[in-house]
Structure formats: structure tokens, C-alpha cells
Amino acid sequence: MSVTFKIKQAASTAIKELYQVDIAPSGVLVNATNPEFEGDYTVVLFAFIKQLKKSPEVLGNEIGGWLVQQHPSMFSSFNIIKGFLNLVIADAYWVNFLQEQHSNHKFGIKEHTGKKLMVEYSSPNTNKPLHLGHLRNNFLGWSVAEIYKTNGYDTVKTCIVNDRGVHICKSMIAWQMFGNGATPQSTNTKGDHFVGDYYVKFNDAYKLEVEQLIAAGKTKEEAEKQAPIMKATQQMLLDWEAGNPAVIELWKEMNSWVYSGFDVTYKTIGSDFDKTYYESNTYLLGKKIVAEGLTKGVFTQEEDNSVWIDLTNDGLDKKIVQRKDGTSVYITQDIGLAEQKFEEYGCDKSIYVIGDEQNYHMKVLKLICQKLQLPSADGIEHLSYGMVELPTGKMKSREGTVVDADDIVNEMITISKQRTEELGKVKDFSEDELKNLYTTIGLGALKFFLLRVDPKKKMIFNPEESIDFHGFTGPFVQYTYARIKSVLRKLEDVGSGNLEVDFNNHSLLKLEKDVIITLEQFPTVIEEAAQENDPSKIAIYVFNLAKTFNSFYVEHAIAKAENEEKKILRTSLATLTASVIKTAMHLLGIAVPERM
RNA sequence: GGUCUGGUAGCUCAGUUGGAUAGAGCAACAGCCUUCUAAGCUGUGGGUCAUUGGUUCGAAUCCAAUCCGGAUCACCA
């Protein structure tokens, strides 16, 4: 149980005992004490003065006095400034906390709750390679799943691959026209990039044809419709849907190239999935649900046989759920897939990691599922994230301003190699160890950078300046970890004592206490991160912890502490800090090196 | 136009259900390595929290209006 919650409880009890008034613990506001005043945590009294008809001073003295008297092991003293009751937590309390947790490698990790979470993330198209925006998606999805795992959930990570449709056919047509039988192997190109190149070639050829048609007197609209390459593409989609063997064969082959490319990228960045759904298998889903919805009266059928739902009473629009030819539309497929997922896994909650341009779609999806009273409905949550933009604006593939995922990952690894070599601290590492270290640091920097920002907000990526290895970054936290481990290794050599020293009357130094207070907040932060589907809470926390520890580290010696008692205390402090950093970074998908 | 969303230091971002003099990092400037890893630490400067009004003991936070961005409003996925 967290300190702040204990304070809330104690204050609630105090008010009940002193004034016979019921105030729930959650109704007590507890903040960290402002650094200029004495105290660790502060109870804000303003909310109670009206109800209890006492001045803040009297109230503070009575509650503060009661707390110190009733819980001497927790509160050592108090003071009142205006309506703020500042509480000093007893050093013995903090020391006790440290003694209990210092060797607990699972500090902050909760027991299994039996609840199940599904996270759908990544969801690539198979016509081009991944870019920076996909990385944000992948890192968020993986991290959120891990955060829930730590909160006691069983998790299922899924991916829906958008493997069919016009965009795929574009790459296929371009390959038929310009490929001359080339393959990723024959050109020594990564499969997803290989196919992506033909997607670009398609667009170039299409643009040219449209220009020629316009020059021949067509309107822009006519030209776009009549361009031969576009007509061929649409014909190919029809052939695909009709099951034309040659088209299906080509489609399978080109997709397999893309998957082999994706596999490499996923392996590097650490994305993995328990279940992959393919849209080519799910795009016909939902018909049964439409039929059920019609009998339930949730949907209505028009004269042309198309089926609709009217959401105007919910502040939304009318939505089509089935075309007049009886085929499903996007939203219907999603409803069908939601049901299929629920039937297969029965998760309590299902988080969709999807860009914020689909906010409306996701709102409609959940609402329709609720109206249909599908069991999956209430568990649907949209983890909506903002776009990654460049200083010059949005990334546009046409203008060549897309930051390719493989490129940026490689660049980060290269930079981390340079920095590491400049510093020259790991010259004794083997080739493999060095390679691992560069990857750990490079990916750490990239993941931390993309996860440290509130997912809901769009973010700006400046290739020159954004990637830094100092300050609020992954490598800063990794470095703090490596430095602690270095100290601990030295302590092992000389043999450190255990915690059997009597700390009852031990008084903590300011910087020691700062670290312990921060450590104690970790479990609460993990809970908040899950509640809000927000890994940035973890990133901000772990940076703050590393910073606080570093301030302590430069000021006070651990291995060469003033006396044995201090040495043991600080060793356990460092041990727990390292452990929390490791756990927290893991929640972000970031590894921590023993040395760097 | 309707709906949603954002505007905080030169730049990138924090800021819990309203709480004390609005915080970090980067950049700038000034310091700290014969002592546990300087990818570190300490300090300085830097703000009309878009604007205006309202709610109250108290507003960056809540409400209203205005200004400026972005997303969305497909029988595409």
C-alpha cells in the first residue's frame, strides 16, 4: 500500500474520530510537500474547513497532532502553513520500506488477477515498409501490453495485417510491368522495401499517365479514372476477389517477400504477436451480425437492400454497414473481427492501438457493438495516438520525407556506436558484446524518445536534434543503471554486509530520502500508466528516479561510505534503484546494459 | 459548416479529481574529473500558461466567447 494512500486513510480516520464526519480516503488530497517547507507529504485542508467549521490552523493542529500521536512510526512531526498540513514521515518508516523491498526483484509487479487483455497493434499494410509512425504504434502497443501484464493481467498481443485491397494490387501491377522477374534475392533488397519500391513506381507511372491524358484534353477527374495502369489495378482486384489463380499466386509471393522483411524489422525492434489476423480472411466477416442486427431492429434496410444504422441520436451520423450487393464495409468487418477475437480469447478488455485519425471510426465501432449488445462491446478501448511529424510538417511519401523505420533504427545504432567509441569505456568487449550494446543503446534512445510523450498528442521528430543521448533520454537512464551495477560489482568483490544492522534510530540524509521516496512511488506509477494506457508515465518516472539517484550518487559515497551502517543502507538503496530502473525500462521495451 | 482535439521558456515536452512562488530536458552562460563510470553533477539567465470574461478562499487546470493549428464528417481500408 502506498504512502499517500496510507496518509489519506489515516487523515480520513482522524476526521472521523475527531469530528464524527465521514470523508472517504479518496476525498483527501495529498501532495508532495513544496520543497521550501519542511515535510514530505502535505494534506490540503481547504476542502474541509467549511464542512468542519474550523479554521485551517485549528484543523491542521488537531489532525496533525492526532496523526503523530496515533501513528508515531509513520509520522514524526508536522507543521501548518496556511491551509496546508505538512507531514514529516519518520525516517524509520522509509528505512523499513527499504529493508523490506531492497532485494525484491518484483517490486511493483502485481499478482495475477485472472483478467485478460488483448492489445491489437502494429497493423501494417503489405505494400510498403514501416516508417516512424509505425514505430510509435509498435512501441506503444508492446509497452501497454507489458504494463498490463505487470498489473496482473494475462495478455494477448495481436496484429491485423492489411494484406489485400487496391494498394497491394498497385505494387503487383507495377512489378508485372517493370519488374522483369526481379526478386528481393536477385536484387539483394529487403522484401518490404523491394515491394515498396514498386508501389512508388506505380505512383510515378500513374502520375505520368494522368498528365498525358490531361494533355490530350481530358479533365483531371477523367484522367485519374481512365489511366490504363489504374484500370489494370482495379481489374486485378476483381480477379483477386474472383480467385484468379495467377493473381493469387503473385499476391502470395509478393506478400511473402514483405513478411520476410517485416520479420527482420520486428525482430530488431522487439515486436511480437501471439496471434496474427489477415484481412484477406476477415474482410467478409460481419454478415451474420448484420442479419442479427436487423432482427433486433438495431439496423434498418433500405429499398436498394443496403443496411444502415442511425446514430444521430448519439450525436453521430448515419452509417452504412452493408452494401446493396451484400458485401461488408470496413466497420462491419471490424465488428465481425471484434466478435471473433472475443470468441477465441474472451478478453475482459481489448485495446486497439490506432492513430487518432480513426477516433470517429472507433467511437462508432464501440457504439454499434454496444447497441448490438455484443459481449465484446464494453471492453473495447481505443489507444489513440497522434502523428509523428517533422519540423517541416507531416511526413509525405510523395515528397520523400518519410522517415523509414529500418533507416532510423540503423542510424540510431550507428550513432550509439560512435558515442561509445568516443568514450572508450568498453574496449575489452567482444565483437558480439559491442554489437549488442550499440543496439541496446540505439534502440533505447529511439524507444524512449517515442514513448516519453503523451500518446494522445502529436509529436515532432527533428532528425538533427531530437535524438540525443543526454538528459531526458533512454541512454541517460541506461547509464545510471550501468553505473550502479559497476558499483555493486565492486562491492561484491569486497563482500558487502547484510541488512541486519539496527536502523531504528537511523537518520536519513536529504538525498538518501529523496531516492527512497521516489522508489516508493513506483507501484502507483505502474497502476496509473495502465489506467490511462500511457507508457509516458513510466518514462517520466524512471527518468526522474535516475536523476534523483544521480544527485545522490555524486554527493555520497556508497562503497566508501562514512560507516558500515551507511554503506549497507546505500547499497540497498542502489540495488533497489537498479532493479526498479530495469523493470521500468522493460515496461518500455528497453533493455539496460550492465556496462556502457 | 458539424464533431473531436491541441495552443505552457528560443526548441521538445511535463504539470494528478482546481492547491503553496508553473517544472524538466535541449540550446546559452559559469563551474566540477589524482576519489564508487563526467552518456554525470551544481549553478545562472529565460514565462502575459493563445486572448478576453466568468465560477471561488484559490484557475495553466472548470465554464463561455474569440483567435490560430490539426483530425474527421466515403457504399476506401
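Values reported hereafter were calculated over all heavy atoms of this structure, with side chains retained and with hydrogens, waters and symmetry mates removed.
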With a non-hydrogen cut-off below 4.0 angstrom, is [X] in contact with a base, only sugar-phosphate, or nothing?
| X | answer |
| --- | --- |
| Glu279(A) | sugar-phosphate |
| Phe46(A) | base |
| Thr327(A) | nothing |

Check: Asp468(A)/Thr473(A) side-chain N/O donor and acceptor closer than 3.5 Å =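 Looking only at side-chain atoms, Thr473(A) and Asp468(A) do not form any donor-acceptor pair under 3.5 Å.
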
With no hydrogens and no angle check, just 3.5 Å: does a side-chain donor-acceptor pair link Thr126(A) and Asn255(A)?
yes

Please report the distance, rounded to the nearest Å, between [atom1] in [X] and [atom2] in [N].
| X | N | atom1 | atom2 | answer |
| --- | --- | --- | --- | --- |
| Leu29(A) | C57(B) | CG | C1' | 15 Å |
| Glu357(A) | G69(B) | CD | P | 21 Å |
| Gln358(A) | U3(B) | CD | C1' | 17 Å |
| Lys510(A) | U42(B) | NZ | P | 11 Å |
| Lys128(A) | A77(B) | NZ | P | 16 Å |
| Ile540(A) | U12(B) | CD1 | C1' | 13 Å |
| Leu450(A) | C13(B) | CG | P | 11 Å |
| Arg570(A) | C36(B) | CZ | P | 15 Å |

With rounding to whole Å, what would you report as the distance between [N] and [M] at their [atom1] atoms?
| N | M | atom1 | value |
| --- | --- | --- | --- |
| U56(B) | G46(B) | P | 36 Å |
| A9(B) | G45(B) | C1' | 11 Å |
| G6(B) | U51(B) | C1' | 16 Å |
| G19(B) | G2(B) | P | 33 Å |
| G54(B) | A60(B) | P | 15 Å |
| C62(B) | A14(B) | P | 16 Å |
| U52(B) | G7(B) | C1' | 16 Å |
| U61(B) | U16(B) | C1' | 10 Å |

### Task
For residues Ala574(A) and Ile484(A), report the shortest heavy-atom separation together with the two atoms involved.
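Smallest interatomic distance, heavy atoms only, reads O-CG2, 3.4 Å.
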
Nearest to the side chain of [X], heavy atoms from C-beta on, is which of [options]?
| X | options | result |
| --- | --- | --- |
| Lys363(A) | U3(B), A14(B), U21(B) | U3(B) |
| Glu36(A) | A14(B), G40(B), A20(B) | A20(B) |
| Lys50(A) | C26(B), U37(B), C57(B) | C57(B) |
| Arg489(A) | A20(B), U37(B), C75(B) | U37(B) |
| Asn86(A) | A38(B), C75(B), A20(B) | A20(B) |
| Ile81(A) | U37(B), A20(B), C36(B) | A20(B) |
| Glu528(A) | G40(B), U21(B), U16(B) | U16(B) |
| Lys560(A) | A24(B), C36(B), A77(B) | C36(B) |
| Lys82(A) | G40(B), U21(B), C75(B) | U21(B) |
| Ile460(A) | A38(B), A77(B), C13(B) | C13(B) |

OP1 or OP2 of [N] under 4.0 Å from side-chain N/O of [X]:
| X | N | value |
| --- | --- | --- |
| Lys457(A) | U5(B) | no |
| Ser551(A) | U42(B) | yes |
| Lys567(A) | C36(B) | no |
| His470(A) | G40(B) | yes |
| Lys547(A) | G25(B) | yes |
| Lys537(A) | G15(B) | yes |
| Asn162(A) | A77(B) | no |
| Arg323(A) | C76(B) | yes |

* To do: Go through Val403(A) and Met395(A) one step at a time and tell me if the side chain to side chain contact (heavy atoms under 4.5 Å, CB included) criterion holds.
  => CA-CA 7 Å; Val403(A) 178; Met395(A) 296 193 283; 4.1 Å; yes

Can you tell me the base-pairing partner of [N]? Count Watson-Crick or G-U wobble geometry only, both distances below 3.5 Å, and say none if there is no partner.
| N | result |
| --- | --- |
| C13(B) | G23(B) |
| G1(B) | C73(B) |
| A64(B) | U52(B) |
| C36(B) | none |
| G31(B) | C41(B) |

| message | If you go through the side-chain atoms of Thr33(A), does one of them form a donor-acceptor pair with the base of A20(B) closer than 3.5 Å? | response | no

Within the modelled atom types, does a donor on one side and an acceptor on the other bring the side chain of Asp317(A) and the base of A74(B) under 3.5 Å apart?
-> no

- Task: Step by step, work out the side chain to side chain contact (heavy atoms under 4.5 Å, CB included) result for Phe448(A) and Gln478(A).
- Result: CA-CA 11 Å; Phe448(A) 199 92; Gln478(A) 290 172 321; over 6 Å; no

Can you check side chain to side chain contact (heavy atoms under 4.5 Å, CB included) on Val487(A) and Tyr553(A), steps first, answer last?
CA-CA 10 Å; Val487(A) 175; Tyr553(A) 174 88; 3.9 Å; yes

I'd like to check, for [X], whether its ring lies over the base of [N] with centroids under 5.5 Å apart and a plane angle smaller than 30°.
| X | N | result |
| --- | --- | --- |
| Phe472(A) | A24(B) | no |
| Phe37(A) | A20(B) | yes |
| Phe84(A) | G19(B) | no |

Item checked: Ring-face cation of Arg164(A) near Tyr283(A) (centre distance under 6.0 Å, axis angle within 45°) -> yes

In this structure, which one of Asn533(A), Asp356(A), Asp454(A), Asn137(A) forms a side chain to side chain donor-acceptor pair (under 3.5 Å) with Tyr385(A)?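 Only one option passes, and that is Asn137(A).
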
Check your understanding: Should the ring pair Phe543(A) and Phe472(A) be called parallel, tilted or perpendicular, given that the plane angle runs from 0 to 90° and is split at 30 and 60?
Key ->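 Tilted: the ring planes of Phe543(A) and Phe472(A) meet at 30° to 60°.
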
Here the gap from Leu446(A) atom CG to Ile441(A) atom CD1, rounded to the nearest 0.5 Å, amounts to 14.0 Å

